[in-house]
Amino acid sequence: MSDSTDSQELQTVNVVRRGGVATVELNRPTKLNAWDKQFGLDLLHAIETVGADDSVRAVVIRGAGRGFSAGADLTSMGSGDDHPSTPDGLPDVYKVLTQRYHPIISGIRNMPKPVVAAVHGPAAGIGCSLALACDLVVADPTAYFLLAFVNIGLVPDGGSSLFIPARIGFARAAQMAMLGERVNADQALQWGLINRVFADGTFDQEVDALMDGLAAGPTASYAGTKRQLNNWLYARMDEQLELEATIQQEMIGSADFTEGVLAFTSKRPPNFCGS
Ligand code: T3D
């Protein structure tokens with residue numbers, strides 16, 4: 001199979017194929033690849049497409065521009081075009097998560113081939129969840145992992161409340177979720193949150209080599225391993241995703257969420273009131 005691009009219908013995600021490797025490139029660089037409606041639709045389409053194509057034997061997810069992804073687009077979260085509303089007039093985040101975003105996360109976990117996140121710069125909010133939903137996570141030295149949710153009065157979603165404790169245990173998961181601090185690439189490697197940090201300047205070459213090896217490997221064996229790990233660690237994933245979405249919807253109605261988003265868009269620290 002020769003090099004090709006399959007992104008004609010997609011506006012915010014590119015799918016590029018090289019042999020048996022498909023690269024899914026998140027492509028809203030001016031917004032640090034933040035998730036809006038179009039992005040969610042495009043990413044789901046990309047994941048479904050590469051998952052269903054037997055000629056694709058390994059998938060890597062990367063970000064265009066200076067980072068992996070900054071999570072939900074905070075400038076469009078309350079907009080009617082982007083978000084359905086609840087009867088109370090709040091953004092219906094439960095619906096967005098369960099209908100738009102969960103199939104992306106489940107699609108990665110259930111895809112019968114290896115999926116790698118290749119992270120540079122920020123992987124924040126649901127962007128962090130996306131990276132950690134993958135089977136392997138490799139990083140450039142610029143990468144950091146940030147459960148930014150708490151910084152705007154939200155809670156982890158997109159599977160972070162499941163994937164992170166499974167990788168690094170309760171203490172570090174609570175630290176990430178409740179303190180909302182950046183975990184840089186070396187720290188993430190030391191904690192066991194991710195698999196490798198490539199030396200400065202070698203990222204593209206090392207990612208290509210890793211992906212070529214996976215695409216030439218025993219695909220059915222990789223798929224079997226995924227089923228085993230999913231069964232042991234993530235058997236209740238759907239239930240946990242549902243819980244995340246339910247609690248996130250509760251947070252959306254809080255004064256602290258309103259203040260968190262206002263503070264972010266005004267580029268100032270938040271002043272939380274506690275409710
Ligand atoms: O319904 C649903 O969608 C529910 C789902 C919720 C899931 C979530 O993911 S909630 C969490 C959302 N994400 C965040 O809270 C992270 C917000 N971003 C940041 O904290 C910082 O941008 C970073 C730490 C990621 C990076 O910082 P830095 O200093 O490198 O970059 P910056 O200057 O903050 O951002 C660069 C630009 O991207 C900037 O725009 P400008 O000023 O150049 O026009 C910034 O506003 C924009 N940007 C960054 N993150 C977002 C964003 N725009 C919209 N949404 C963002 N999340």
Side-chain angles (χ1 to χ4, degrees), residues 12 26-44 63-86 89-105 119-133 140 142-164 176-185 241-254 256-270 272:
T12 61
L26 315 177
N27 189 31
R28 291 188 78 215
T30 55
K31 295 272 188 181
L32 275 176
N33 304 319
W35 299 37
D36 66 356
K37 180 178 179 182
Q38 187 63 47
F39 179 96
L41 295 173
D42 287 349
L43 182 55
L44 178 59
R66 71 177 178 85
F68 184 77
S69 171
D73 188 326
L74 299 177
T75 58
S76 65
M77 214 185 231
S79 90
D81 286 350
D82 212 72
H83 268 76
S85 294
T86 65
L90 295 169
D92 197 339
V93 169
Y94 176 86
K95 195 179 257 182
V96 170
L97 284 167
T98 54
Q99 295 185 1
R100 248 183 243 165
Y101 297 162
H102 291 174
I104 295 168
I105 302 298
V119 179
H120 73 292
I126 200 168
C128 184
S129 311
L130 175 71
L132 299 174
D140 180 76
T142 59
Y144 62 90
F145 300 83
L146 170 61
L147 292 188
F149 308 93
V150 68
N151 300 332
I152 54 167
L154 293 183
V155 292
D157 65 24
S160 274
S161 72
L162 169 74
F163 301 135
I164 293 184
M176 285 185 73
M178 300 181 85
L179 301 186
E181 297 167 346
R182 301 177 184 197
V183 176
N184 69 32
L241 289 171
E242 173 78 19
L243 179 71
E244 287 180 346
T246 299
I247 298 177
Q248 199 70 288
Q249 188 63 46
E250 292 167 19
M251 300 304 125
I252 290 291
S254 71
D256 280 342
F257 168 68
T258 304
E259 164 61 9
V261 173
L262 190 61
F264 176 77
T265 52
S266 313
K267 299 185 188 289
R268 63 163 173 81
F272 292 129

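Order of appearance sets the numbers: ligands from 1, and atoms from 1 within every ligand.
When atom types are taken as modelled, the side chain of S129 and the backbone of G159 share no donor-acceptor pair closer than 3.5 angstrom. Listed for the T265 side chain is a donor-acceptor partner under 3.5 Å among the backbone atoms of L262. Of the possible polar contacts, one joining the T142 side chain to the G121 backbone as a donor-acceptor pair under 3.5 Å is found. The closest donor-acceptor contact from the side chain of Q248 to the backbone of V93 lies at 3.5 Å or more, if one exists at all. Side chain of H120 to backbone of G67: a donor-acceptor contact under 3.5 angstrom is found. Panel note: side chain N151, backbone G180; a donor-acceptor pair is recorded below 3.5 Å.
Atom numbering of ligand 1 starts at 1 in the shown order; those under 4.0 Å from a heavy atom of G71 are 9 (O). Those atoms of ligand 1 that come under 4.0 Å of a heavy atom in I126, given as number and element, are 7 (C), 8 (C), 9 (O). Set against the non-hydrogen atoms of A148, the atoms of ligand 1 under 4.0 Å away are 14 (C), 15 (O), 16 (C). Within ligand 1, counting atoms from 1 as listed, the ones closer than 4.0 Å to a heavy atom of F149 are 7 (C), 8 (C), 9 (O), 10 (S). Numbered from 1 in the order shown, with element, the atoms of ligand 1 that lie under 4.0 Å from a heavy atom of Y101 read 3 (O). Residue A34 has at least one heavy-atom neighbour below 4.0 Å for each of these atoms of ligand 1: 55 (N), 56 (C). Listed by atom number, the atoms of ligand 1 under 4.0 Å from V96 heavy atoms are 1 (O). Atoms of ligand 1 found under 4.0 Å from any heavy atom of D157 (numbered from 1 in listed order, with element): 5 (C), 6 (C), 7 (C).
The option with the heavy atom closest to atom 14 (C) of ligand 1, from among G125, A70, A124, is A70. Taking only non-hydrogen atoms, the option from R100, K267, K31, K95 nearest to atom 39 (C) of ligand 1 is K267. Nearest-heavy-atom check against atom 35 (O) of ligand 1 across L147, L154, L32 picks out L32.
The presence of a protein heavy atom under 4.0 Å from atom 31 (O) of ligand 1 is confirmed. Within a 4.0 Å radius of atom 4 (C) of ligand 1, the protein has at least one heavy atom. The presence of a protein heavy atom under 4.0 Å from atom 9 (O) of ligand 1 is confirmed. For atom 57 (N) of ligand 1, a protein heavy-atom neighbour is present inside the 4.0 Å cut-off.
Looking only at side-chain heavy atoms (C-beta outward), W35 and L43 come within less than 4.5 Å of each other. Taking 4.5 Å as the limit, every side-chain heavy atom of L147 sits out of range of all side-chain heavy atoms of M178. The side-chain heavy atoms of V96 and Y101, taken from C-beta on, include a pair separated by under 4.5 Å. A 4.5 Å side-chain heavy-atom check between R66 and L32 finds at least one atom pair inside the cut-off.
Scanning the protein heavy atoms around atom 55 (N) of ligand 1, the nearest turns out to be L74 N, 2.9 Å. In this structure, the protein non-hydrogen atom closest to atom 2 (C) of ligand 1 is H83 NE2, 3.4 Å. Of the protein's heavy atoms, T30 O, 4.0 Å lies nearest to atom 38 (O) of ligand 1. The nearest heavy-atom contact from the protein to atom 54 (C) of ligand 1 is D73 OD1, 3.3 Å. Among protein heavy atoms, atom 28 (P) of ligand 1 sits closest to R66 NH2, 3.7 Å.
For the pair L146 and ligand 1, a heavy-atom separation below 4.0 Å is found. Residue contacts with ligand 1 include F264, since one or more of its heavy atoms lies under 4.0 Å from the ligand. Heavy-atom separations between Q248 and ligand 1 are all 4.0 Å or longer. In this structure, Y144 counts as a contact residue of ligand 1, since one of its heavy atoms falls inside 4.0 Å of the ligand.
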(request) Check the pair Y94 / E250 against side chain to side chain donor-acceptor pair (under 3.5 Å), numbers first and verdict last. (result) CA-CA 9 Å; Y94 176 86; E250 292 167 19; over 6 Å; no
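Each of L241, L44, D157 was compared with H102 under the side chain to side chain contact (heavy atoms under 4.5 Å, CB included) criterion, and only L241 meets it. For the pairing with R28, the side-chain hydrogen bond (donor to acceptor under 3.5 Å, both in side chains) check across D73, D42, T12 returns one residue only, D73.
A cation-pi arrangement, defined by a distance under 6.0 Å to the six-membered ring centre and an angle within 45 degrees of its axis, is present between R182 and Y144.
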